[in-house]
Amino acid sequence: MERPTIEFPCDYPIAVVGEAAPDFLALVEEIVESHAPGFPRERTTVRASGGGRWVSVRVSITATGEPQLRALFAALKGTGRVQAVL
């Protein structure tokens, strides 16, 4: 099965999951800002897991291409604090 084709630039939602910590949101926003300057922070949402151990940060960026997304995902995962990027 072929992957769907994405036409760039486009709005691209990203969910970042990691252990709940007071600075996790700031960490995610800083990394996203470095790869997608000016992303709309007002659209960022944070949701804690039922047990409170994990948190999901959802952001939306204007994706410019696959290289940008690969670099962003690698930077997030490279922190050692991110469990998943969806």
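Count residues from 1 along the sequence.
- Annotation: salt bridge (charged side-chain N to carboxylate O under 4.0 Å, His left out) contacts involving residues 9-20, sequence neighbours excluded, comprise Glu19-Arg53.
- Residues Phe39 and Ile31 share a hydrophobic cluster, clusters being chains of Ile/Leu/Val/Met/Phe/Trp/Tyr side chains in contact below 4.5 Å.
- Although no hydrogens or angles enter the test, the distance criterion places no donor-acceptor pair under 3.5 Å between the side chain of Glu30 and the main chain of Ala26.
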* Going through the checks in order, is the side chain to side chain contact (heavy atoms under 4.5 Å, CB included) test met by Ile6 and Tyr12? -> CA-CA 10 Å; Ile6 299 173; Tyr12 196 89; 4.0 Å; yes
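- In this structure, Leu72 and Ile14 have side chains that are in contact, with non-hydrogen atoms separated by less than 4.5 Å.
- Listed by first and then second residue, the salt bridge (charged side-chain N to carboxylate O under 4.0 Å, His left out) pairs involving residues 57-67 are Arg3-Glu66, Glu66-Arg70 (not counting sequence neighbours).
- Contact check for Arg43 versus Val59: no side-chain heavy atoms found under the 4.5 Å cut-off.
- Few gaps surround CD on Glu42; more than 12 heavy atoms of other groups in view lie less than 6.0 Å from it.
- Nearest heavy-atom pair, Gly52 versus Ala20, reported as atom, atom and distance to 0.1 Å: O-CB, 3.4 Å.
- The two residues Val17 and Phe24 make their nearest non-hydrogen contact at C-CZ, 4.1 Å.
- Here the closest non-hydrogen pair linking Ala21 and Arg81 is CB-NH2, 3.4 Å.
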* Residues Gln68, Ile61; criterion side chain to side chain contact (heavy atoms under 4.5 Å, CB included); working and verdict -> CA-CA 11 Å; Gln68 176 202 33; Ile61 67 168; 4.2 Å; yes
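- In terms of heavy atoms, His35 sits closest to Ala75 at NE2-CB, 3.5 Å.
- The closest side-chain heavy-atom distance from Arg47 to Val55 is not below 4.5 Å.
- At a threshold of 4.5 Å between side-chain heavy atoms, the hydrophobic network of Ile, Leu, Val, Met, Phe, Trp and Tyr places Trp54 and Leu27 in two separate groups.
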* Can you list the steps and then say if Thr62 with Phe8 is a side chain to side chain contact (heavy atoms under 4.5 Å, CB included)? -> CA-CA 9 Å; Thr62 299; Phe8 296 101; over 6 Å; no
